[in-house]
Trainee: 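I'd like to ask some things about the structure below.
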Amino acid sequence: MPETYIPWQTEPKPEDIFLPEMLTSLQGLEIYDTLTPAQKLDLGRHELVQVIASYAWGECLFCLFMTRHILTLPLDNVEHRFLLRELIEEFRHQEMFGQAIKKLGGQPIKQSGMHKFFGEFSNKYLPADYLFMGSVSVELVTDVYGNYARRAPNIYPVLKKMFDLHNIEEARHILFTKSLLKTYSEKAGYIKRTLYSYVILFNILFVRTMYVKREIYERIGLENPEQIYKIAARNFKKKFSETCLNDITKFVDSWKGFNGATRWAWRWILGAKV
């Protein structure tokens, strides 16, 4: 349980970090070398808060769907039984992420109107198989982030334990959802596989564009935050494609989701090497 597994009472040491440098939006740009150590640390703190707040919001949306979907399943059905487990764990994750944000003194930036509209619209109107496709893709991205963070040698111990616990429970969700989706993808023809591929693509784009925010550059005292945001967004797109897409592209490729109608979009929109 997060209450006992995570050492919430532990305060950060001077050498602790909150996000590995390679996952920050400015690392790799010339401007990053001009930042003070305090600014670099604060950049990681703010961006880590934004990542986990965005994911918690996405999890909450998915829980709304699961709550509706579970009512259509018999009580003794294996999918019903597992979704009960997943709902419990996902709500616990949201509480855990909220506690971590409070511990870090974070102030998450709210979702844009576009994110809210598309998040709520898709949650309400897309069929179950499309929503499960979207959910597993977001879980795979978050798992990559968590693995990089928890394996960093000087990560703040509270965050290490948080990502350890999240990795354990998300592994069950990913395994179950992949198995469930086989029943859909094995029967899907060319058009449906194409639609699945686009649902995953836009879910990944949806998540990625919630991470990099111009307000963060203002908070760490940088001039021209609008200009910095533009170059940071391009830089992050490249880094994201290099570090976070491998598991997702393997998953999509496993059911032949890359074809003449989708491959160009993955390359152009996400920078994926497919």
Side-chain angles (χ1 to χ4, degrees), residues 1-6 51-101 108 111 115 118-147 149-150 159-188 196 199-200 202-204 206-207 210 244 247-248 250-252 254-255 257:
M1 298 291 285
E3 296 92 322
T4 54
Y5 185 76
I6 299 171
V51 166
I52 60 177
S54 299
Y55 184 62
W57 180 71
E59 279 194 338
C60 193
L61 280 176
F62 190 58
C63 285
L64 288 175
F65 156 70
M66 286 194 287
T67 305
R68 295 196 309 270
H69 181 61
I70 203 170
L71 294 173
T72 68
L73 304 169
L75 191 63
D76 60 342
N77 178 278
V78 66
E79 186 180 342
H80 185 289
R81 290 161 55 204
F82 187 85
L83 289 179
L84 282 176
R85 165 75 65 88
E86 184 166 356
L87 275 164
I88 291 166
E89 292 178 346
E90 296 291 17
F91 281 125
R92 205 159 59 210
H93 293 168
Q94 292 165 53
E95 182 184 28
M96 175 177 71
F97 288 147
Q99 182 68 19
I101 289 169
Q111 297 77 26
H115 284 106
F118 283 108
E120 293 171 7
F121 180 88
S122 61
N123 183 275
K124 189 172 182 179
Y125 295 109
L126 282 183
D129 50 341
Y130 290 87
L131 285 166
F132 277 117
M133 282 285 180
S135 105
V136 76
S137 62
V138 174
E139 287 174 339
L140 286 167
V141 166
T142 311
D143 217 34
V144 171
Y145 255 78
N147 285 336
R150 66 196 183 94
L159 299 178
K160 181 187 184 308
K161 286 292 188 179
M162 179 189 78
F163 281 120
D164 279 345
L165 183 58
H166 189 255
N167 178 263
I168 292 166
E169 295 183 343
E170 285 301 306
R172 285 198 293 268
H173 304 170
I174 291 169
L175 183 65
F176 172 80
T177 307
K178 282 184 174 180
S179 300
L180 175 66
L181 288 173
K182 279 184 180 179
T183 64
Y184 295 116
S185 61
E186 286 175 354
K187 295 182 288 186
Y196 283 160
V199 164
I200 291 176
F202 285 114
N203 267 274
I204 299 305
F206 185 85
V207 167
M210 288 198 290
C244 298
D247 288 347
I248 294 163
K250 283 182 179 177
F251 170 63
V252 175
S254 70
W255 40 265

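The shown structure was predicted, so the numbers you read here are calculated from the model rather than taken from an experiment. Below, each value reflects all heavy atoms present in this structure, side chains not excepted, and no hydrogens, waters or symmetry copies.
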Trainee: Hey, what's the ring geometry for F65 with H69, parallel, tilted or perpendicular (30° and 60° as the breaks)?
Mentor: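 Geometry flag for H69 against F65: parallel rings.
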Trainee: Is the closest side-chain heavy-atom distance between I101 and P108 below 4.5 Å?
Mentor: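 Yes, side chains in contact.
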Trainee: So which atom in Q94 and which in A56 form the shortest heavy-atom distance, rounded to 0.1 Å?
Mentor: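 For Q94 versus A56, the nearest heavy atoms are CG-O, 3.8 Å.
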Trainee: The test is ring pair (Phe, Tyr, Trp, His ring centres under 6.0 Å); show your working for Y196 and F132 and say whether it passes.
Mentor: CA-CA 10 Å; Y196 283 160; F132 277 117; over 10 Å; no
Trainee: As a quick check of understanding, evaluate side chain to side chain contact (heavy atoms under 4.5 Å, CB included) for F163 and I168, giving each step before the final call.
Mentor: CA-CA 9 Å; F163 281 120; I168 292 166; over 6 Å; no
Trainee: Step by step, work out the side chain to side chain contact (heavy atoms under 4.5 Å, CB included) result for R85 and E89.
Mentor: CA-CA 6 Å; R85 165 75 65 88; E89 292 178 346; 3.3 Å; yes
Trainee: Taking it one step at a time, do M96 and Q99 satisfy side chain to side chain contact (heavy atoms under 4.5 Å, CB included)?
Mentor: CA-CA 5 Å; M96 175 177 71; Q99 182 68 19; 5.8 Å; no
Trainee: Rounded to the nearest 0.5 Å, what separation is found between the CE atom of M66 and the CG atom of N123?
Mentor: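 Reported value, rounded in 0.5 Å steps: 10.0 Å.
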Trainee: Are K160 and D164 close enough that some pair of their side-chain heavy atoms sits under 4.5 Å apart?
Mentor: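 Yes, close enough: below the 4.5 Å cut-off.
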Trainee: What heavy-atom pair brings N203 and S137 nearest, and what distance separates the two atoms?
Mentor: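 For N203 and S137, the tightest heavy-atom pair comes out as CB-OG, 3.8 Å.
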Trainee: Table please: side-chain donor-acceptor pairs of residues 138-146 below 3.5 Å, with sequence neighbours left out.
Mentor:
unit_1	atom_1	unit_2	atom_2	d
T142	OG1	V138	O	2.9
D143	OD1	N167	ND2	3.1

Trainee: Identify the heavy atoms of G119 and W57 that sit nearest to each other, and give their distance.
Mentor: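 It is CA-CH2, 4.5 Å.
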Trainee: Can you name the nearest heavy-atom pair linking L131 to S122, along with the distance?
Mentor: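 Distance-wise, the nearest heavy atoms are CD2-O, 3.6 Å.
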Trainee: Looking only at heavy atoms, what is the nearest atom pair of G134 and V199, with distance?
Mentor: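 Where G134 meets V199 most closely, the heavy atoms are N-CG1, 4.2 Å.
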Trainee: Check I200 against M133 and note the closest heavy-atom contact, atom names and distance.
Mentor: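 Scanning both residues completely, I find the closest heavy atoms to be CG1-O, 3.7 Å.
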Trainee: Quick check: do R81 and N77 have side-chain heavy atoms less than 4.5 Å from each other?
Mentor: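 Contact flag for R81/N77 side chains = no.
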Trainee: If you measure from OH on Y5 to CE on M162, what distance do you get to the nearest 0.5 Å?
Mentor: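 The CE atom of M162 is 12.0 Å from OH of Y5, to the nearest 0.5 Å.
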Trainee: Can you measure from NE2 (H166) to CD (E90) and round to the nearest 0.5 angstrom?
Mentor: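 If we round to the nearest 0.5 Å, H166:NE2 and E90:CD are 6.0 Å apart.
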Trainee: Are side-chain heavy atoms of T67 and L83 found at a separation under 4.5 Å?
Mentor: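 A side-chain contact is absent here, since even the closest heavy-atom pair is not under 4.5 Å.
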Trainee: Are F118 and F121 an aromatic pair, judged by ring center distance below 6.0 Å?
Mentor: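 Between F118 and F121, which both carry aromatic rings, the centre distance is not below 6.0 Å.
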Trainee: Can you name the residues that form a side-chain contact (heavy atoms from CB on, under 4.5 Å) with I88, not counting sequence neighbours?
Mentor: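 Residues passing side-chain contact (heavy atoms from CB on, under 4.5 Å) with I88: R92.
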